[in-house]
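Lettering of chains follows the sequences in order, A, B, ..., and the numbering in each one begins at 1. These numbers come from a predicted model, not from an experiment. Side chains are part of it too, since the values below use all heavy atoms of this structure and drop only hydrogens, waters and symmetry mates.
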There are 2 protein chains.
Amino acid sequence: MSDTPQGHQSKRPRVTIVDVANGAGVHVSTASRALNPGTSHRISSKVVRKIEKVAEQLGYKRNSLASSLRTQKTGTIGLIVPNLSDPLFSPIIASVEERVAEDGYVTFVANSDYSPVKLRSIVERMSSQFVAGLVVASFELNDPSVELCLELGIPTVAVLRDPRHSRMSSVAMDDAAGVQAMVEHVLDLGHKDITYVTPPLAASTAQNRLAGFNAATRLAKAAGCRFDVIEARAYDVVEGERIMGHMLASGLTSTAVLAFNDLLAVGCLVALKSAGVACPEQISLAGVNDLPFMNLLSPPLTTLHTAGRDLGFESADLLMSLIKNHSQPVKRILLTPHLVLRGSTGPARKPGSSSDPSAIVIQSDPISV
Amino acid sequence: MSDTPQGHQSKRPRVTIVDVANGAGVHVSTASRALNPGTSHRISSKVVRKIEKVAEQLGYKRNSLASSLRTQKTGTIGLIVPNLSDPLFSPIIASVEERVAEDGYVTFVANSDYSPVKLRSIVERMSSQFVAGLVVASFELNDPSVELCLELGIPTVAVLRDPRHSRMSSVAMDDAAGVQAMVEHVLDLGHKDITYVTPPLAASTAQNRLAGFNAATRLAKAAGCRFDVIEARAYDVVEGERIMGHMLASGLTSTAVLAFNDLLAVGCLVALKSAGVACPEQISLAGVNDLPFMNLLSPPLTTLHTAGRDLGFESADLLMSLIKNHSQPVKRILLTPHLVLRGSTGPARKPGSSSDPSAIVIQSDPISV
DNA sequence: GTGAAAGCGCTAACAA
DNA sequence: TTGTTAGCGCTTTCAC
C-alpha cells in the first residue's frame, strides 16, 4: 500500500459557506443555520429564502468533510462482503445501497476475501473514516471483529450471518428450517440414502444448515434411512466438481445429494454429466440460494430461494434504526427461505436397480428451461 | 431523502495526534511529520521511533476527515455502475476495489439505475465528498456528466463505455470487432439469414456492436445473404423473451439470431424452448459477455467473453496514474473480446427444409454441461 | 432571530 | 531537525 493518496484540484476555487454568507449579507453562522434542515426554523423564513437563493446561484455545495469533522457524524455506511464476485451478494449490495440512500447515506464497499484478518483491518479503516454504521456479511463463527465493532461503538448489522452469542443484531435466512424442508422433500420422493455436502464450518450458515440436515435425519433414521455428510474445502463450482468426482469414484450409494449452496451443486452436476450419470434419474441434486440462471440449467436446479434483496433491505433498514437509536434492543431477524422445486430432484430409483446407467429407466418429464 | 445522517459515538474518546505528541514529549507538528510517510524523513529516526511507539501504545488512528480537510485530498474513489445487480458488473466492482486498495484507496459504489439524471446527482455528491477519482460505467452517449466530470477536474475513467468525442480516458471492449467475429462465425456455419437484436442506442456499446454487425453484413450482403436488425426496449431476460416471442409470431425467417448481450440471448432461448423451436437445429443463438453459468445452459450459449476483471483492473490502474499525473494524455484502451463457441450455434438448416419442427433433422453433437 | 468566537484534528508554511 | 502559528470549512455554544 502506498500511503499518499491524492485528491483532485477543482478547476475553480470551491464556493464556501462564507461566500454564501457574504453574498447574502449575513453572518456565516446564520448561513449555516439556514442551510441546515435541523436549525433553519430558528431563522426568519425571509432570510432563509435569501440565503438559499444565493447558495443556489453560487453553486454552493456543503463540504461534508468539514461538516463531519465538526459534528463527528458522517453520511457514510460501510458494507463488507466476503466475495464481491459471488452473485449471491449482488442483490444485497444493490438493496443496501438503495435503502441507505433513502436516508441520505452513501455506501463504502469492501471485500474481506473470507479472511478474518482482512476483515479486521477493513473494520478498523472504516472506523477511522467515521462510518456511521456497518453492514457485514463476512463474520465467521466467533469472529473477533464482532466484538471489535461492538467495542468501537459502531452500529453494526450482520447479514447472512448470525453471531448468536453476541450483542449484535443480524438478518439471515432460516437455514436450518430450509435444509430441513429440503430433506423432507427428497424423503417424500422416496429417497432413503441421502448425502449432504457441507463446506468447512467456519460460518454460521454452514453450521445452521448442517444442524438442519441433522435434525431432519434424526427423525428419518428410525425409518431405516441412511444419511451421510461430506465436507468440502470451499464454496465454489470447482470444488463441487471435485467432490462429486471423488464421491463417484469411491462408490457413492446415495440417490440424493444436497449441497450447501448452488455453486457446489452446479459443480456436482458438471461432474455427474461428465461421468454419464443421469440427474435426476440416478441421482437427485439440490442446492441453496437460487442464484440467477439456476432455473435454466439442464436439469433446472431444485434449490432454496435466498431473497437477497430482502436481506439487504432488512439489514440496511435495521442499521438505519440502530443509527437513530443506539440503545435499541438487539434484534435477530430470520427470513424463511422457500423451496424451489425444479428438475434436478426426482423420484428415487427403484430399489434393486443397480447404479449401472444402462439399467436405469429414464422417467423424467422434461422440465423446459 | 432525510438530511441528517448521524454518526456513531465511540465509547472511549478518540486518541488524537495531540495525545501522541504529549506522550512523546514533542510538538504536534513533529508528531504529524513523523507519522506521515512523506515527511518522516525530516525527523530524526530516533524521535520517529519514539513517536511511533507511543502512537502504537495509545492506539492512535489518524482522523482522515481532518487530514483530508486540511490537505484537500481524500483516499476515496467513486465507482458508478448502471445496475448493481447485473452480474456483468460484479467482477468489475471487485477488481476496481482490489486495484485501488493497493494504492490505499477505498471505494464508494453507487447505482445510477440507467438514469443520466441520477448519474449527475451521484457525480455531484461524490465530488462534494472529495473523491480523488471516478470510475464510471454509466455514461450514455453524449452524456452531459462526462463534461461535468471534466469541468469539476475530477480524474475520471469511463469503463465499458467510450465517450469518443470527449477528453476522457476509457477502457472498453472492442465491441465492433467482437460482433464482427460473431457474424463471421455464423456465416461460416452456412447461415444466410441473420437477425441482430439491439437495445436502444443510448450507450456506446449498443452503437459499437450495431456498427460491427453492419460492417460485417456489408461484405456478406453481396453474397446474397439477408440481415435484419430488431430493436429491444431493454437489456434483460424478460425483454429477450418478449422479443423472440414477437419475432416467432411474426414469421421469423432468420436461422441465426445474435443478441446484444447474454441476458437478451437467454430470454430468446427461453422463448424458443417454450415455442418448441430447437436450438441450434432450427435457430442458432449467440450472446455477448459470457456471464457465469452460460456454459451450463442447455444448449450452452455461444458468446463473446467480456473480461470483467481485466476491465476493472485496467480502468482502476488508469485512474491511479491519472490521479498521480493529471496532465496525462487521454488514453482509450480497447480489450479484444474472444469468441466462446458453444452449443447454441450450429450449422444452418438445409435450404428447402421448412421451419416446421417435424421436418428438422436433429444433428447436433450434444455438448455436455 | 442573528452575530461573535471558538474549535473539530490535522498539516504546512515560516521560523529558529 | 524541531517548534510556532495559522487555517482547511463547518457548526455551535454563548451572547445580545
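Taking for each of B:Leu69 and B:Ala31 the nucleotide of DNA chain D with the nearest heavy atom, the 5'-most of the two is the partner of B:Ala31.
Here the straight-line distance linking atom CD1 of B:Ile77 with atom CG of B:Leu79 works out to 6.0 Å at 0.5 Å rounding. Here the straight-line distance linking atom CD1 of B:Ile323 with atom NZ of B:Lys73 works out to 11.0 Å at 0.5 Å rounding.
Other residues, nucleotides and ligands place more than 12 heavy atoms under 6.0 Å from the CG atom of B:Asn325. Counting non-hydrogen atoms of neighbouring residues, nucleotides and ligands closer than 6.0 angstrom, the CZ atom of B:Arg332 exceeds 12 such neighbours.
Distance A:Tyr60 OH to D:dG9 P: 10 Å, rounded to the nearest Å. Computed from coordinates, the A:Gln72 CD to D:dC10 P distance equals 17 Å when rounded to whole Å. Between the P atom of D:dC8 and the NZ atom of A:Lys61 lies a distance of 22 Å, rounded to the nearest Å. One interatomic measurement links the two molecules: NE2 of A:His27 to C1' of D:dG9, which rounds to 13 Å at whole-angstrom precision. The interatomic distance linking A:Asn36 (CG) with D:dT12 (P) rounds to 7 Å, in whole Å. Atom CG in A:Leu35 sits about 16 Å away from atom P in D:dG9, given to the nearest Å.
In terms of phosphate contacts, B:Thr30 brings a side-chain nitrogen or oxygen within less than 4.0 Å of OP1 or OP2 of D:dG3.
In this structure, A:Phe313 has no ring pair (Phe, Tyr, Trp, His ring centres under 6.0 Å) partners at least two apart in sequence or on a different chain. Shown here are the salt bridge (Lys or Arg N to Asp or Glu O under 4.0 Å) partners of B:Arg164, two or more places apart in sequence or in another chain: there are none.
Contacts of A:Ser67 with the nucleic acid, taken as non-hydrogen atoms under 4.0 Å apart, involve only primed sugar atoms and P, OP1 or OP2. Using a 4.0 Å heavy-atom distance criterion, A:Thr16 is classed as a sugar-phosphate-only contact.
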Protein and nucleotides 13-16 of chain D: nitrogen or oxygen contacts under 3.5 angstrom:
residue, atom, partner, partner atom, Å
D:dT13, O4, A:Arg33, NH1, 3.4

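Shortest non-hydrogen contact noted between B:Pro37 and B:Ser40 is O-OG, 3.6 Å. Between B:Leu141 and B:Ala203, the shortest heavy-atom distance links the atoms CD1-C, 4.0 Å. Closest heavy-atom contact between A:Val330 and A:Arg167: CG2-O, 3.1 Å.
Checked by atom type, the side-chain pair B:Ser90/A:Ser90 shows a donor-acceptor distance below 3.5 Å. At a cut-off of 3.5 Å, with distance as the only test, no side-chain donor of A:Gln129 or A:Thr74 sits close to an acceptor on the other residue.
Interface residues of residues 47-59 of chain B facing DNA chain C, ordered by number: none; criterion, heavy-atom separation under 4.0 Å.
Remark: B:Arg99 engages B:Glu102 in a salt bridge, criterion side-chain N to carboxylate O under 4.0 Å. B:Asp103 has a carboxylate O that lies under 4.0 Å from a charged side-chain N of B:Lys324, or vice versa, which qualifies the two as a salt bridge.
Each end of the helix from C:dG1-D:dC16 to C:dA16-D:dT1 yields a helix axis from five base pairs, and these two axes differ in direction by 30° (to the nearest 10 degrees).
Where DNA chain C meets chain A (any atom under 4.0 Å from a heavy atom), the bounding nucleotides read 5' to 3' are C:dG1 to C:dG9.
Judged by distance alone, with hydrogens and angles left aside, the side-chain atoms of B:Asp317 form no donor-acceptor pair with the main-chain N or O of B:Glu314 at under 3.5 Å.
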